[in-house]
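Data first, discussion second: the structure below is written as structure tokens.
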Amino acid sequence: MSLPGDRREGPSPVSGGGNEVLTADSSRSMTVAQMVASSQRLRLNPNKDHKPDSYEDLQVDFSPSIFSSLERYLPPSMLGVSRDDKVKFMREILVKYLPHGERNRVQKHRDYRKKIISNYLPLHKELYTIHPTMFFVPSFLKAISDNTEESFRSMMSEPSPGVFTFEMLQPRFCELLLAEVENFEKWVNETKFRIMRPNTMNKFGAVLDDFGLETMLDKLMEGFIRPMSKVFFPEVGGSTLDSHHGFVVEYGKDRDVDLGFHVDDSEVTLNVCLGKQFSGGELFFRGTRCDKHVNTGSQSEEIFDYSHVPGRAVLHRGRHRHGARATTSGHRINLLLWCRSSVFREMKKYQKDFSSWCGECLREKKERQRLSIAATKSGNPLDMKNTPINPAVPLITFNFLHALFN
């Protein structure tokens, strides 16, 4: 599922032990099963042995895949109740996660998308259903089929920590998708239809989900990106990716020129160059940061520049700070898939330590450990909880993607 933005409010933290972090709203009318569940809280870690129900046949205001993902986090007492009761319980949580005003915006966007799809005539209908052998190069398909860390690493490189590059798309697929995007833009110009651009920073490009490619991109995320993310990005919800925002961006003459330093509105980002002929446009990476440390400086080992090659993909955490240098000649078009995990976003609200993925949190943690060891050796143990750590000096003010369409 793709959602137009994700600046959502969540439930207030409540006290509880173990892996329990939040409750459903018990003030509403509930069944016996829900009354039992109201005193329960979601698990901090998923029940990997539990097989969730399918919710594809339900007409609900959230993606069926979100219910399937969230079910693994239900308390044990909820796993044996009826599917309807589980839906009610999970929806109570999701309603808090996506407030009324945001749900209204989502409904308006659905109406907007429906209007486009009912009027736009696709040029290449074969793009709208995933065809692995037509879309992907053999090395990528083999790695996905084998589905092991060894197989993934055999077809990719990691030129900088947390940045993975690999050959992915067939030239023919790139050609077809470029032609489809051009056809859509031609339709937009002819009908004078006002479309939403991909995000607040790109003034050119198109949201692929909006003109019918959502299902195909969902399959791309679930069957091809999530298996890799489960291996390489488990600490940021890589195994529970359940929604996406898919779009193309365009750079060059009479298009966007460059892209300021920012973080993505995603847990995991796939970025693939589709073409065409161009010079410049390099991506520059400067380390992964949590919200608290997003403005801190970069360490030397975090500095990395990448030059785009048509058909070649870059996979990285959404919180990996990056930007794009100016495209100095020609025309560059890239496919972006922002992959998100609703479960990770909910659980992150109750966490304070992000040292497993935030470079600055890890630096501070190591510094505390160093000071503690030094103090112990000197015979003067310190209370490290109250020992201040000097933050790195901010070097630059970043541009951020706080919302997709506002």
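Everything numeric here is computed off the predicted structure, so don't read it as measured data.
Looking at Ile373 and Thr376, their side chains never come closer than 4.5 Å, going by heavy atoms from C-beta outward. Side-chain contact check for Met347 versus Leu42: some heavy-atom pair is nearer than 4.5 Å. Contact of the Phe164 side chain with the Pro159 side chain is not registered, since no non-hydrogen atoms from C-beta on lie closer than 4.5 Å. Put simply, the side chain of Lys348 reaches to within 4.5 Å of the side chain of Phe354, judged on heavy atoms. Looking only at side-chain heavy atoms (C-beta outward), Lys365 and Asp353 come within less than 4.5 Å of each other. Contact of the His308 side chain with the Phe278 side chain is registered, since non-hydrogen atoms from C-beta on lie closer than 4.5 Å. With a 4.5 Å cut-off on side-chain heavy atoms, Met156 and Met228 count as touching. Contact annotation: the side chain of Met221 never approaches that of Leu270 to less than 4.5 Å [non-hydrogen atoms, C-beta and beyond].
The shortest non-hydrogen separation linking Arg43 to Leu74 is CD-O, 3.3 Å. Scanning both residues, Thr269 and Gly318, for their nearest heavy atoms gives OG1-CA, 3.9 Å. Minimum heavy-atom separation, Asn147 to Pro227: OD1-CB, 3.6 Å. Leu274 approaches Cys174 most closely through the heavy-atom pair O-CB, 3.6 Å. Contact between Lys276 and Pro310 at its shortest, heavy atoms only, is O-CG, 4.3 Å. The two residues Lys51 and Glu71 have their closest heavy-atom pair at O-OE2, 4.2 Å.
One finds the CG atom of Leu220 at 11.5 Å from the CZ atom of Arg226 (value rounded to the nearest 0.5 Å). Here NE2 of His316 is found 4.5 Å from NE2 of His322. Values are rounded to the nearest 0.5 Å. Arg325 CZ to Asp258 CG: the interatomic distance, rounded to the nearest 0.5 Å, is 10.0 Å. To the nearest 0.5 Å, atoms CZ (Arg363) and CD (Glu367) are separated by 6.5 Å. Distance OG/Ser239 to CZ/Arg72: 9.0 Å, rounded to 0.5 Å. Note that the CD1 atom of Ile333 and the CG atom of Leu178 stand 5.0 Å from one another [nearest 0.5 Å].
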Arg319 and Glu267: CA distance, side-chain angles, deciding distance, salt bridge (charged side-chain N to carboxylate O under 4.0 Å, His left out) verdict = CA-CA 7 Å; Arg319 298 293 307 185; Glu267 274 60 75; over 6 Å; no
For Lys114 and Asp210, run salt bridge (charged side-chain N to carboxylate O under 4.0 Å, His left out): C-alpha distance rounded to whole Å, both residues' side-chain angles, the deciding distance at 0.1 Å, then the answer.
-> CA-CA 8 Å; Lys114 185 177 180 180; Asp210 287 348; over 6 Å; no
Residue pair Arg286, Glu302: steps toward the salt bridge (charged side-chain N to carboxylate O under 4.0 Å, His left out) verdict | CA-CA 5 Å; Arg286 297 296 184 267; Glu302 295 177 317; over 6 Å; no
Before giving the answer on side chain to side chain donor-acceptor pair (under 3.5 Å), spell out for Tyr251 and Asn202 the whole-Å C-alpha distance, their side-chain angles and the decisive distance to 0.1 Å.
-> CA-CA 9 Å; Tyr251 296 90; Asn202 287 101; 3.1 Å; yes
Between Leu336 and Val249, is a side chain to side chain contact (heavy atoms under 4.5 Å, CB included) present by the stated rule, with each step listed?
-> CA-CA 8 Å; Leu336 277 295; Val249 290; 3.8 Å; yes
Side chain to side chain donor-acceptor pair (under 3.5 Å) between Glu214 and Tyr128, worked out | CA-CA 8 Å; Glu214 179 184 16; Tyr128 291 74; over 6 Å; no
Step by step, work out the side chain to side chain donor-acceptor pair (under 3.5 Å) result for Thr148 and Ser151.
-> CA-CA 5 Å; Thr148 65; Ser151 69; 3.2 Å; yes
So Ser68 and Tyr55, side chain to side chain contact (heavy atoms under 4.5 Å, CB included) or not? Walk me through it.
-> CA-CA 7 Å; Ser68 296; Tyr55 298 90; 3.5 Å; yes
Kindly determine whether Glu180 and Leu176 satisfy side chain to side chain contact (heavy atoms under 4.5 Å, CB included), including the steps that lead there.
-> CA-CA 6 Å; Glu180 190 68 44; Leu176 292 177; over 6 Å; no
Could you give me the CA-CA distance, side-chain angles and deciding distance for His293 and Glu364, then say whether side chain to side chain contact (heavy atoms under 4.5 Å, CB included) is met?
-> CA-CA 11 Å; His293 296 122; Glu364 290 184 352; 3.1 Å; yes
Given the rule in the salt bridge (charged side-chain N to carboxylate O under 4.0 Å, His left out) test, do Glu360 and Lys292 qualify, once you have shown the distances and angles that lead to the verdict?
-> CA-CA 9 Å; Glu360 190 62 21; Lys292 177 183 176 182; over 6 Å; no
Residue pair His124, Asn183: steps toward the side chain to side chain donor-acceptor pair (under 3.5 Å) verdict | CA-CA 10 Å; His124 296 295; Asn183 188 62; over 6 Å; no
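Checked by atom type, the side-chain pair Thr240/Ser69 shows no donor-acceptor distance below 3.5 Å. Asp264 and His262 are linked by a side-chain donor-acceptor pair at a separation below 3.5 angstrom, with hydrogens and angles left out of the test. A donor and an acceptor atom, one from each side chain of Arg197 and Asn199, are nowhere located under 3.5 Å apart. Judged by distance alone, the side chains of Asp265 and His245 never bring a donor and an acceptor atom under 3.5 Å apart.
Ring geometry, Phe304 versus Tyr306: the interplanar angle falls from 30° to 60°, so the pair is classed tilted. Between Phe224 and Phe140, the two ring planes are parallel [angle under 30°; tilted spans 30° to 60°]. The aromatic rings of Phe211 and Phe184 sit parallel, their planes meeting at an angle under 30°, below the 60° perpendicular limit.
Remark: Asp146 engages Lys142 in a salt bridge, criterion side-chain N to carboxylate O under 4.0 Å. Under 4.0 Å is where a charged nitrogen must lie from a carboxylate oxygen, and between Glu149 and Arg153 at least one such pair does. Using a 4.0 Å cut-off between charged side-chain N and carboxylate O, Asp242 and Arg340 make no salt bridge.
At most 12 non-hydrogen atoms from other residues, nucleotides or ligands lie less than 6.0 angstrom from CD of Glu150.
Using modelled atom types, no side-chain atom of Ser145 and backbone atom of Leu141 make a donor-acceptor pair closer than 3.5 Å. One N or O on the side chain of Asp256 and one on the backbone of Lys203 form a donor-acceptor pair closer than 3.5 Å. At distances below 3.5 Å, at least one donor-acceptor pair connects side-chain atoms of Gln170 with backbone N or O atoms of Phe136. Side chain of Thr191 to backbone of Trp187: a donor-acceptor contact under 3.5 angstrom is found. Side-chain atoms of Asp85 do not come within 3.5 Å of backbone N or O of Val81 as any donor-acceptor pair.
Residues Trp338 and Phe247 place their aromatic rings such that the two centres sit under 6.0 Å apart. With ring centers used as reference points, Phe261 lies under 6.0 Å from Phe284.
Judged by a 6.0 Å distance limit and a 45° cone about the ring axis, Arg321 is not positioned over the six-membered ring of Phe285.
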